[in-house]
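Step one of this worksheet: look at the structure below.
The first residue of the sequence shown is numbered 1, and numbering continues consecutively from there.
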Amino acid sequence: MAYSKCQQADHEIEDVIESATANKGPKLSTIMKSSPFGFWLVQGLIFMFSASVLLLGLFSRRSCLAICETHADVAWSPVIDFVKPRMTKFNETYFFETKFPSPFYGSPSPAVDDVWRTYTMHPMLDGRNGTLAVPRATVEKLGRSHEPGWMDSMVKLVHGGEERYMATLDIYHHVHCLNMLREVAHPNYYTNKDPTQMEGHLDHCIETVREALMCNAGTGVAMFHWIKGDDQPWPDYNTLHQCRDPEMVLEWSLQNAVPVQGSFTKPEGALELPLPLY
């Protein structure tokens, strides 16, 4: 749609030129001969006309670029306005100790579990003490308000006299699924995790992580190098990426969380969407 408007602007400029140069009225040669100043008069008019066409083209292009950006297919989120991407170098020194250890990495321990729980079981975000809640104006920008029943079936909360709607962020679902796979990979530590009893959930989590990874479709270019002690090319996966700080995302979530008490009760007559959700 945006590019068609750009082409339309080009055609409008062409129409202006064609109309202005059409054979209507006295010929330029007649004007130039009718006065000693005719030559310079015509030159001045041509210059002014050319400058006007140039300015018209520039402003039309600028307007069109704004239209192109406005109508771009971008999945909007309120977090985008709060947490800007920053250049981040991946830490991929696998098989070796790293100078930049990750608190998520390593053998299972209470300390490692606490880090994962910050993004998977935060009491102010998982419904125990609170939940993320956003105003209706935010929901209307998410691009799904046209779907039948989608808006009217949302879980409504009232906080401080303001109507809000229960929500969460994808990051917490994605990390939850990755954490579940991590726990299953250490059965001797997480003895209460029986993969044979979790196949459906595990398959769901594998697909969720796959979808998130392949949606991002990492475009970092990893180069191969010659390494001491190895005769084969060695990939350097310490690539640069545009990332959002997960701690700032968590901060935004907590700033927009509301306290809850007890379990949620479905109002009588509430609109219900059929399962599964698509």
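- Here salt bridge (charged side-chain N to carboxylate O under 4.0 Å, His left out) pairs that include residues 96-120, with residues two or more places apart or in two chains, are Asp113-Arg182, Asp114-Arg117.
- Not a single donor-acceptor pair under 3.5 Å links the side chain of Thr131 to the backbone N or O of Gly127.
- Proximity of a side-chain donor or acceptor of Arg128 to a complementary backbone N or O of Met121 within less than 3.5 Å is detected.
- Every pair tested for salt bridge (charged side-chain N to carboxylate O under 4.0 Å, His left out) that includes a residue from residues 222-239 fails, sequence neighbours excluded, so the list is empty.
- A heavy-atom distance below 4.5 Å is not found between the side chains of Ile171 and Leu250.
- In the hydrophobic clustering, where aliphatic and aromatic side chains (Ile, Leu, Val, Met, Phe, Trp, Tyr) are joined below 4.5 Å either directly or transitively, Val258 groups with Val155, Leu157, Met166, Val260, Phe264.
- Residues Met151 and Glu140 are in side-chain contact: their nearest non-hydrogen atoms beyond the backbone lie under 4.5 Å apart.
- When the side-chain hydrogen bond (donor to acceptor under 3.5 Å, both in side chains) test is applied to Lys89, no partner is found at least two apart in sequence or on another chain.
- Residues meeting the side-chain hydrogen bond (donor to acceptor under 3.5 Å, both in side chains) test with Asp152, sequence neighbours left out: none.
- The shortest distance between side-chain heavy atoms of Tyr189 and Ser107 does not fall below 4.5 Å.
- Screening residues 198-210 for salt bridge (charged side-chain N to carboxylate O under 4.0 Å, His left out) gives Glu207-Arg210 as the qualifying pairs, with residues at least two apart or on separate chains.
- Other members of the cluster containing Met223 are Val221, with ILVMFWY side chains joined at under 4.5 Å, either directly or via other members.
- Once rounded to the nearest 0.5 Å, the distance linking SG of Cys205 with CE of Met198 reads 7.5 Å.
- Residues Val184 and Pro195 come closest through the heavy atom pair CG1-CG, 3.6 Å.
- Residue pairs meeting the salt bridge (charged side-chain N to carboxylate O under 4.0 Å, His left out) criterion with at least one member in residues 267-278, sequence neighbours excluded: Lys266-Glu272.
- Counting only distance, with no hydrogens or angles, the side chain of Thr93 and the backbone of Asn91 share no donor-acceptor pair below 3.5 Å.
- For the residue pair Glu163 and Val158, the shortest heavy atom distance occurs at CG-CG2, 4.5 Å.
- Here Asn256 contributes atom CG and Thr138 contributes atom OG1; the two are 8.0 Å apart, rounded to the nearest 0.5 Å.
- Smallest separation of non-hydrogen atoms from Tyr119 and Tyr172: O-CD2, 3.3 Å.
- Panel note: side chain His225, backbone Ile227; no donor-acceptor pair is recorded below 3.5 Å.
- With contacts defined as side-chain heavy-atom distances shorter than 4.5 Å, the pair Ser253/Met124 does not qualify.
- Closest approach of Pro108 and Tyr190 over heavy atoms only: CB-OH, 3.6 Å.
- Partners of Gln242 under the side-chain contact (heavy atoms from CB on, under 4.5 Å) rule, at least two apart in sequence or in another chain, are Pro85, Met87.
- Taking all atoms of both residues into account, the shortest heavy-atom contact from Thr88 to Cys243 is OG1-CB, 3.5 Å.
- Listed by chain and number, the residues in a side-chain hydrogen bond (donor to acceptor under 3.5 Å, both in side chains) with Asp170 amount to none (sequence neighbours excluded).
- With a 4.5 Å cut-off on side-chain heavy atoms, Val139 and Val134 count as touching.
- Contact between Arg136 and Tyr165 at its shortest, heavy atoms only, is NH1-OH, 3.2 Å.
- In this structure, Asn238 contributes its side chain and Glu92 its backbone to a donor-acceptor pair below 3.5 Å.
- Here Glu251 pairs with Gln255 under the side-chain hydrogen bond (donor to acceptor under 3.5 Å, both in side chains) rule; sequence neighbours left out.
- Every residue meeting the side-chain contact (heavy atoms from CB on, under 4.5 Å) condition with Ser102, not counting sequence neighbours, appears here in chain and number order: Phe104, Tyr105.
- Residues Glu183 and Asn179 form a side-chain contact, since some pair of their non-hydrogen atoms from C-beta on lies under 4.5 Å apart.
- Relative ring orientation between His173 and His176 is described as parallel, the plane-to-plane angle staying below 30° on a 0-90° scale split at 30° and 60°.
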